[in-house]
Structure formats: structure tokens, C-alpha cells
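Written below as C-alpha cells is the structure these notes are about.
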Number of protein chains: 2
Amino acid sequence: MVKNTRNSRPFILDRVTPLFARLGYNGVSMRDLATAVGVTPAALYYHFKNKDELYAEVVNRVFKKKITDATAIMTEDEEPVKRLETFIVWFVRALNKDKDFQKLLQWVMLDNDPKRIQALTTNTFQELFCAIQNLGESFKKQYDPHLLATSIIGLVLYHFESLAVRKKMPGRRAQHDKAETIARHITALLENGLLAH
Amino acid sequence: MVKNTRNSRPFILDRVTPLFARLGYNGVSMRDLATAVGVTPAALYYHFKNKDELYAEVVNRVFKKKITDATAIMTEDEEPVKRLETFIVWFVRALNKDKDFQKLLQWVMLDNDPKRIQALTTNTFQELFCAIQNLGESFKKQYDPHLLATSIIGLVLYHFESLAVRKKMPGRRAQHDKAETIARHITALLENGLLAH
DNA sequence: GTCTATACACAGATAGAC
DNA sequence: GTCTATCTGTGTATAGAC
């Protein structure tokens, strides 16, 4: 029987996600998290076995829906160029809108636990990565699919990963933050390259 | 007067760098670091004011020389295409060879301290970033220099940031780890794009 | 210059009252 | 379902012996 629906699992995850996203697993304590939820640490342990499980649920919840959406886009029955463009626009928008998603993606890449990496890869990323690889193959034989998929993802991601540093750079303008501007730049560069005439 | 030269500052930094690189600032304790050096925590506090200073020195030392080398390459008196290619080869090789450099670069991007970000940006990254921006401008007017510089860096970096996850992906081959292969792929993609005929 | 010993705050986690 | 109280380990950091 639920005594206080405000503090059930989804509510806790909502409150806790931004903290993990900003400071990482080792950057926050159960006390910090409890404070953010508005309860005591003991209450957290009623709902989640330990800190690890809480973190895993946060990451899972944030990624699951996004990746499903993305995979749907990638397997649509469109011509390759169109599919690539749709994906880039979706990816840029998702990263721009959901900062927690973007940050957690960054933290997850630095994780050292082989089990967590394995789980995340096979359960979450694999399907999308393969879809991007397949898309890449439909362009030209000259590019290795694995390397091409990596390049595409990195090209998009880094515009957000580097934000804190780039903000301090000379030549920086407000328009560089707009999702549409970034998406258009990436698409053009990826399709035409630097030396197109 | 130096009693034990084995444990002076450079020696400590050497021993401590891989730990910070692998686990991040919050992932290691002064006890861990002292053990890696082969001394007690108290000895560490004789050489460094606190953990913050130790970390700052590690990051600074690892980045300083690399960035100087890179900036030299970027300001050489060569034609743009050649300069870009040289830079990419250098960058890929540096990331491939020095895993600590690569990992610290990743950790630094997740730092939340405005002071540390500011210091690192102006003292370390700015010069190189501007050089890449300038190089980008010599290609075509159609690409925004700031966005283009970001794209080039991200294109290279992500091949290394994503390594742990990509290792578990189907379609992965040993050649994808070779610096030359990665550099050639990135250069080709960047210059010609996906739709070149 | 490095040690032993230790202070003291804070970490994750649990027991048991309500 | 959430609390108070608390255990135990580990965190950063220092004092003072050698």
C-alpha cells in the first residue's frame, strides 16, 4: 500500500537524475540525493537496494526511451540521405533539450565497471549502433561501417560535450547553441566535406 | 635538501597520473594515490598543498606539452589541406599512444568548477582551438569556423572516447584500433564527405 | 623528507521506532 | 513508507616524532 505517492520510485528518479547527470556517480552522496528528493537517506534505501541500483535505474530510464525513438528513425523506409538527416536532427535536438541525457552519456563513457558497460552496450546501444552502421553502408563502399558510425555519432556528440570549454573561446556566438544551426552544419559537412566544389 | 629523490614531485606525478586518468578526481582517494606512489598520505601532503593542487598539476603537465606541439603543427607554413592532415595524424597518434592524455581530456570536460574550466581554457586550449578555427577558414566560407573546429576535434576524439563501448559491438575488428587506419578514415571523410562521386 | 598516529567529517548502509 | 539513531569504513588533512 502506497502511503506517500509523491515519494515513490518515479518521483525519486526524477529528482535524482539531474544530480547524477551534473556530478556523476562519485560526485554525489546518498545524503545529497535524499535532500534533493526531500527525504532522509533511509527512505531511499527502502525504495532502492543501494546507490548502484539507484544509479543504474536512472541511466536506464533516461536512455531507454531515447534509444528506442532513434532506432525507429533509423529503420524507417526512407532513402539513406533522408534517413541520415532525420537522425542527425533528432540527435541534436535530443541532446540540446535533455541535458541530463547528454551528461549521463558522457559519464557512462568513463565508467570502468565491465559489467555495467556490457549491460549498457548490449541492452541499450547495440541496436542503434548497428542501425547507423547499416545506414553508413548504403552510401559508399569506401568507408568502413564501424568507423563511419563512430564518426557520425562523435560529430554530433562533441558539439555538446565541449560546450563548457567552448563557451570561453573567442569567436563564440549565440547562434552556435541553436539546435537547427548545429544540425545544419553537421549535415552539410558530413555530406559534402571540406573540399567539395 | 632532497632526501629521497625517488619521491620528489615529478616522480609522484608520474605515479599518480594513471589513477586520475582512469578513475577521475572523485574516483580516487589520497590513500589510493599514496599507495600507488609507495608512500603514506602524509608524504603527499608535504609535496602538494591538497588533492586539488595535485590534480591540477597532473592535468597541467599532461596537457601542456601536447598542446604546444599541436599548436606548432597548426601554425606551420604549409597549405591548408596538408596542415589539416598533419594535425589529424598527430592528434590520433597522441590519443592512441597516451591513454592518460585521452582520459584526462574526457574527465576535464565533465568538470563543474568554473575556475578550473576558465584556467584550462585560457591557459591551455585556447591557442590551439583558435589555430584550428583559422585553418578552417582557409577552406571555404560556407562553414562557420567555430562549428567546424568543434566538428574536427570531436570527429577525432570520439573514436577514443567511445572505445570501451565499441569494443562490445558486432562488426568490430582489430584494425579499428590502429592509429593509421583511424587517421586515414577521418581525413577522407572530412575532405570528401559521404556524397562525393 | 617521510614516517606514525590520529583528528574529524562524511561516506554507504541498517535497525527498529512510529 | 519514512523517520531517528547509529554502525562501520573511508575521506581529507594535520601534528609531531625521527
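In the text below, chain A, chain B and the rest are named by the order of the sequence lines, each starting its count at 1.
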Quiz item: What string of B, S and - do you get for nucleotides 4-12 of chain D, 5' to 3', if B is base contact, S is sugar-phosphate-only contact and - is no contact with any protein heavy atom under 4.0 Å?
Solution: B------BB

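- Between the OH atom of Tyr55(B) and the C1' atom of dA13(D) there is a distance of 20 Å, given to the nearest Å.
- For the pair Lys49(A) NZ and dT14(C) C1', the interatomic distance rounds to 15 Å; values are reported in whole Å.
- Between Phe139(A) and Tyr143(A), the ring center distance fails the sub-6.0 Å criterion.
- Taking the six-membered ring for Trp and thresholds of 30 and 60 degrees, Phe63(A) and Phe101(A) have ring planes more than 60 degrees apart, a perpendicular arrangement.
- Across the protein-nucleic acid pair, Phe48(A) atom CZ and dT2(D) atom C1' stand 15 Å apart, rounded to whole Å.
- His185(B) and Ser151(A) form a side-chain donor-acceptor contact under 3.5 Å, judged by distance and modelled atom types alone.
- Rounded to an integer number of Å, the gap from CG of Leu54(B) to P of dA13(D) is 10 Å.
- Classification of Lys115(A) and Asp52(A) as a salt-bridged pair fails, no side-chain N sitting under 4.0 Å from a carboxylate O.
- For Lys178(A), the NZ atom sits in a loose shell: 12 or fewer heavy atoms of surrounding residues, nucleotides or ligands are nearer than 6.0 Å.
- Defined by atom type and a distance below 3.5 Å, a donor-acceptor pair is present between the side-chain atoms of Asp32(A) and Ser29(A).
- Counting to the nearest Å, the C1' atom of dG12(C) and the CG atom of Asn26(A) are 12 Å from each other.
- Proximity of Tyr46(A) to the phosphate of dG1(D): a side-chain N or O atom is located under 4.0 Å from OP1 or OP2.
- Remark: C1' of dA11(C) and CG of Leu44(A) are 14 Å apart, rounded to the nearest angstrom.
- His47(B) places its NE2 atom 12 Å from the C1' atom of dC3(C), with the value rounded to the nearest Å.
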